[in-house]
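Worksheet: one structure, shown below.
Keep in mind that this is a model prediction, so the values were computed, not measured.
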Amino acid sequence: QVQLVESGGGSVQAGGSLRLSCVTSELVYHRYCIGWFRQAPGKQREGVSSIYSGGTYYSDFVKGRFTISQDNEEKTVYLQMNNLEPEDTAMYFCAADPWGNACAPGSWSLPRGYGYWGQGTQVTVSS
């Protein structure tokens, strides 16, 4: 059974940092494309960053501030978020495509490419 469990959200002031974690099940991890998405109230879900065996992707609005990484032993994907801005306030979701097809230029940030989703973790950044 595919499972994704996020943690690490919270409330910080602008300029602060948070590290989100996504613990994955064995089935997902080995042929994976795992992405972080976010959704603010009244807005569409948008891709933040994704990672797969061939590399990483970032949205322009987080480049230079966020870093995605993985711990193979822990089967965990992290999203280190630095220099947070109020506009980063959203529910953050971890998503997985166990077959790895979602991680391609032009498609990695599309939610429809990911078949499995976690429950989300809230990030709130105050000014």
Side-chain angles (χ1 to χ4, degrees):
Q1 183 176 356
V2 177
Q3 292 184 327
L4 304 168
V5 180
E6 305 101 328
S7 63
S11 297
V12 296
Q13 290 190 325
S17 298
L18 286 172
R19 188 177 78 159
L20 306 183
S21 300
C22 174
V23 179
T24 70
S25 63
E26 184 80 25
L27 180 64
V28 171
Y29 200 77
H30 289 292
R31 294 188 298 167
Y32 64 89
C33 167
I34 296 179
W36 284 99
F37 290 77
R38 69 186 188 186
Q39 188 166 18
K43 294 188 177 181
Q44 290 188 334
R45 192 167 296 190
E46 60 183 0
V48 175
S49 181
S50 287
I51 189 168
Y52 71 118
S53 60
T56 58
Y57 295 99
Y58 294 95
S59 289
D60 287 343
F61 52 78
V62 302
K63 279 182 180 177
R65 299 189 299 126
F66 293 9
T67 303
I68 193 169
S69 62
Q70 64 192 61
D71 182 322
N72 291 335
E73 186 172 332
E74 298 295 328
K75 297 181 180 60
T76 300
V77 174
Y78 300 100
L79 185 69
Q80 177 67 43
M81 305 187 297
N82 297 328
N83 195 20
L84 283 160
E85 303 170 350
E87 292 75 19
D88 295 317
T89 295
M91 183 71 79
Y92 282 71
F93 298 91
C94 176
D97 166 23
W99 298 271
N101 296 325
C103 277
S107 64
W108 70 268
S109 62
L110 301 177
R112 65 173 181 261
Y114 298 77
Y116 300 95
W117 292 82
Q119 294 299 306
T121 185
Q122 178 68 38
V123 172
T124 302
V125 184
S126 58
S127 58

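Remark: Gln39 engages Arg45 in a side-chain hydrogen bond (donor to acceptor under 3.5 Å, both in side chains) (not counting sequence neighbours). Residues passing the ring-ring contact (aromatic ring centres under 6.0 Å, His included) test with Phe37 are Tyr114, Trp117, sequence neighbours excluded. Partners of Lys63 under the side-chain hydrogen bond (donor to acceptor under 3.5 Å, both in side chains) rule, at least two apart in sequence or in another chain, are Asp60. Looking at residues two or more places apart in sequence or on another chain, you find a side-chain hydrogen bond (donor to acceptor under 3.5 Å, both in side chains) between Gln80 and Asn82.
Here the closest heavy-atom approach between residue Asp97 and residue Asn101 is recorded as OD2-N, 2.6 Å. The heavy-atom pair separating Ser127 from Pro86 by the smallest distance is CB-CG, 3.9 Å. Closest approach of Cys33 and Tyr52 over heavy atoms only: CA-CB, 4.2 Å.
Formation of a donor-acceptor pair under 3.5 Å by the Ser59 side chain with backbone atoms of Gly47 is found in this model. Under the 3.5 Å distance criterion, the side-chain polar atoms of Thr56 are left unmatched by any main-chain donor or acceptor of Ser50.
Thr67 is not listed as a side-chain neighbour of Tyr78, based on a closest heavy-atom distance of 4.5 Å or more. Under the 4.5 Å side-chain criterion, counting only non-hydrogen atoms from C-beta, Val48 is in contact with Tyr92. Considering only heavy atoms from C-beta on, Asp88 comes within 4.5 Å of Arg38 through its side chain. Two residues are said to be in side-chain contact when any heavy atoms from C-beta on lie closer than 4.5 Å; Leu18 and Phe66 fail this criterion.
Tested against Ile68, the residues Leu20, Leu79, Ile34 include a single side-chain contact (heavy atoms from CB on, under 4.5 Å) partner, Leu79.
Of the inter-residue distances, the one linking Phe61 atom CZ with Glu85 atom CD reads 11.0 Å to the nearest 0.5 angstrom.
Using a 3.5 Å distance cut-off with no hydrogens or angles, the side chains of Gln70 and Asn72 do pair a donor with an acceptor.
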Counting only pairs under 3.5 Å, give me each side-chain donor-acceptor contact of residues 103-113, with atom names and distances, residues two or more places apart or in other chains.
residue, atom, partner, partner atom, Å
Ser107, OG, Ala102, O, 3.3
Ser107, OG, Ala104, O, 3.2

List the atom pairs, with distances to 0.1 Å, where a side-chain N or O of residues 4-15 and a protein N or O form a donor-acceptor pair under 3.5 Å, not counting sequence neighbours.
residue, atom, partner, partner atom, Å
Glu6, OE1, Gln119, N, 3.0
Glu6, OE1, Gly120, N, 2.9
Glu6, OE2, Cys94, N, 2.8
Glu6, OE2, Gly120, N, 3.2

